[in-house]
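In what follows, a single structure is set out as structure tokens and then discussed.
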Amino acid sequence: MPRMKAIQAAVQILQREGVRHAFGVPGAAINPFYAAMRESGAITHVLARHVEGASHMAEGYTRTAAGNIGVCVGTSGPAGTDMLTGLYSAAADSIPILCITGQAPVARLHKEDFQAVDIAAIAKPVTKLAMTVLEPAQVPGAFQQAFHLMRSGRPGPVLIDLPFDVQLGEIDFDIDAYEPLPVHRPAATRIQVEKALDMLEAAERPLIVAGGGIVNADAADLLVEFAELVGVPVVPTLMGWGTIPDDHRLMAGMAGLQTSQRYGNATLLASDLVLGIGNRWANRHTGGLEVYRRGRRFVHVDIEPTQIGRVFPPDLGIVSDAGLALQRFVEVARERQAAGRLPDRGGWAEECAERKRTMLRRTHFDDVPVKPQRVYEEMIKAFGKEVRYVSTIGLSQIAGGQFLHVYRPRHWINAGQAGPLGWTLPAALGVCVADPEATVVALSGDYDFQFLIEELAVGAQFNLPYIHVLVNNSYLGLIRQAQRAFDIDYCVQLSFDNVNSPEVGNYGVDHVKVAEGLGCKALRVQEPGEILPALEQAKKLMAEHRVPVVVEVILERVTNISMGTEIDGVVEFEELATRGEHAPTALGALNLDQMQFLD
Ligand SMILES: Cc1ncc(C[n+]2csc(CCOP(=O)(O)OP(=O)(O)O)c2C)c(N)n1
Ligand SMILES: [Mg+2]
């Protein structure tokens, strides 16, 4: 049996489990791991500038391709605590990442050693497993279990904390005798699917709500196949956006309080049955449950048994991996189609499509300073269907959800539940590492951008080119809007006179100078007509210099974005589209002459 340090076995296991990249920040307590990684040569390491950044890079990396597991690494003490936000974000959105931390030697754990903190205890609520490994011989098993748990059931993150002496302890280990553990994924039974399809058949206006579980199961094709078979329109959640292309005739829009379309909410409200697959009835999707549930029945398919009934009791709950359930749904629906049993949904689908053609918000404004809606219109023009968008939180993300178009799963990469400011930039870098050929476009407000701005240097150092669209209103815009309810505008201003950059007026931070200082390229845009040329120029700069390119659009300071607390009560602040030219990039409304708009 080969004899080696426990940490060398760990690195061999990482390789065997498919890890090729790690994101991290070294420190004394994790140096044995770095030595083993260097010796193996099989894992490339991206050096973050902030350990939280490394954790979000790992998440962006995981989300980009099925099967990916992002790894983030840090030393003992503050490195682990810095990564907690990344663990929370990953856990909340069911994303596996593996967080590896160094730790003080076992015998000194209780002596308040330098940078010794019980990170496993702190990380417990935001991981599937958080473990300080106390025996070198347990290291292989800890990693084996980590991968098993991250991939099984509802995916999620794991933290493995490795005391210094445990990393260096000698063990007998043979990687050829190592086998990844089988992955556990429950599958819907035929009886369950028959019952769900009976309910679907009995309904007059059924909908499918498609959640992020479909993305995790890599089952978007099956979703579209099933929807087409039964002719039922699909409302994706924010996490499921892209599972059905936005321009598909059965894509009925998103429903919810913020990242939703008017037609998506209207269609949900008109439905009488909702089949939720791989979704979790997030409160930003449902709003008040009384309105959401009134007059309709629900089927809920989820991989995690305790998710069924968590938010409200469904009429039928099915515990299943979304992909395995969809396989069965397609199989049984095909049989029913052959038997002539499937009802014709043409009228209902057309009603939904008609709403999608007509219930539009206006995006075409010529105002200076620029209105945010216009930015999304120009982004759609600049980037094709293959673009991968990355965003997190704020009015920028909300308006992005309302106005952008997504055509593929994993092409809208968004921290859905946790919404931690600063996530966008490092997550985008993780996406670049996972898919170097992709056009990656990040979308941030000025505050989100400033939160982990130093990570731009990582993009410059490691040649990770992407475009960062920075919509600058010099405000904590979302919170300013929320403070209207309190009749205050308090502690939300980011504006000040920048003594070094009179050209930014009172917008405060000179993002162009900061980005350039960190080794990136940056363009600033003041007028709507300049946006598209700037985005085109950014593509060229990105190709030429292989570094991140920031395109900052100076927005009007105050624009309220449509939102509400109930899906039948979303407040519209701007003029709605009443003519085709008001919403030139809206889908379904491209035949402008034939359009009739609804208020
Ligand atoms: C770590 C963290 N702190 C606070 C918040 C609350 N929050 C949500 S959006 C926001 C303001 C975002 O401002 P900006 O990024 O400029 O976007 P805008 O809304 O102006 O488009 C804040 C403070 C958060 N999501 N995360
Ligand atoms: Mg802002």
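Ligands are counted one by one from 1 in listed order, and the atoms in each one are counted from 1 as well.
- A ring-centre distance under 6.0 Å is found for His21 and Tyr61.
- Checked for salt-bridge contact, Asp302 and Arg154 miss the test: no charged N lies under 4.0 Å from a carboxylate O.
- In terms of protein heavy atoms, atom 20 (O) of ligand 1 is closest to Gly477 N, 2.8 Å.
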Take Tyr447 and Ile479 through the test side chain to side chain contact (heavy atoms under 4.5 Å, CB included) and record every step on the way to the result.
CA-CA 11 Å; Tyr447 202 46; Ile479 310 308; over 6 Å; no

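- Atoms of ligand 1 found under 4.0 Å from any heavy atom of Leu478, numbered from 1 in the order shown, are 9 (S), 19 (O).
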Determine whether Glu304 and Arg280 satisfy the following criterion, salt bridge (Lys or Arg N to Asp or Glu O under 4.0 Å), listing intermediate values before the conclusion.
CA-CA 10 Å; Glu304 165 55 45; Arg280 60 176 188 84; over 6 Å; no

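- Shown here for Pro420 and Thr85, the closest heavy-atom pair between the two residues is CB-CG2, 3.6 Å.
- Looking from atom 17 (O) of ligand 1 to the surrounding protein, the closest heavy atom is Gly445 CA, 3.7 Å.
- Looking from atom 21 (O) of ligand 1 to the surrounding protein, the closest heavy atom is Ser396 N, 3.1 Å.
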Before you tell me yes or no, could you show the steps for Lys540 and Glu536 under salt bridge (Lys or Arg N to Asp or Glu O under 4.0 Å), namely the whole-Å CA-CA distance, both residues' side-chain angles and the distance that decides it to 0.1 Å?
CA-CA 7 Å; Lys540 289 196 195 115; Glu536 296 300 340; over 6 Å; no

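- Among the backbone and side-chain atoms of Tyr447, no N/O/S atom is found under 2.8 Å from the Mg ion (ligand 2).
- A salt bridge is absent between Glu516 and Lys521: the closest approach of a Lys/Arg side-chain nitrogen to an acidic carboxylate oxygen does not fall below 4.0 angstrom.
- Checking only distances, Leu494 never comes within under 3.5 Å of ligand 1, N or O to N or O.
- The protein non-hydrogen atom at the shortest distance from atom 13 (O) of ligand 1 is Tyr447 CB, 3.4 Å.
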Using salt bridge (Lys or Arg N to Asp or Glu O under 4.0 Å), reason through Arg362 and Glu575 one step at a time and then give a plain yes or no.
CA-CA 6 Å; Arg362 182 170 177 162; Glu575 208 184 309; 2.7 Å; yes

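- Among all protein heavy atoms, the one lying closest to atom 25 (N) of ligand 1 is Gly419 O, 2.9 Å.
- Among the atoms of Phe451, none of the N or O lies under 3.5 angstrom from an N or O of ligand 1.
- Taking 2.8 Å as the criterion, Asn472 does not count as a coordinating residue of the Mg ion (ligand 2), since none of its N, O or S atoms falls below it.
- Considering the Mg ion (ligand 2) as centre, the angle to OD1 of Asn473 and to O of Tyr475 is 90° (10° rounding).
- If you run side-chain hydrogen bond (donor to acceptor under 3.5 Å, both in side chains) between Arg361 and each of Glu572, Gln261, His582, only Glu572 comes through.
- For ligand 1, the polar-atom distance check finds no N/O of Leu476 at less than 3.5 Å from any of the ligand's N/O atoms.
- Salt bridge Arg49/Glu455: absent, no basic N to carboxylate O contact under 4.0 Å.
- Ranking protein heavy atoms by distance to atom 6 (C) of ligand 1, first place goes to Ile479 CD1, 4.0 Å.
- For the Mg ion (ligand 2), the N/O/S atoms of Asp448 include none lying under 2.8 Å.
- Taking only non-hydrogen atoms, the option from Asp448, Ile393, Leu421 nearest to atom 15 (O) of ligand 1 is Asp448.
- The pair Asp366-Lys371 does not count as a salt bridge, with every side-chain nitrogen at least 4.0 angstrom from each carboxylate oxygen.
- Atom OD1 is the N/O/S atom of Asp446 found closest to the Mg ion (ligand 2).
- Both the backbone and the side chain of Leu395 come within 4.0 Å of ligand 1, counting heavy atoms alone.
- Of the heavy atoms in Tyr475, only backbone atoms (N, CA, C, O) come closer than 4.0 Å to ligand 1.
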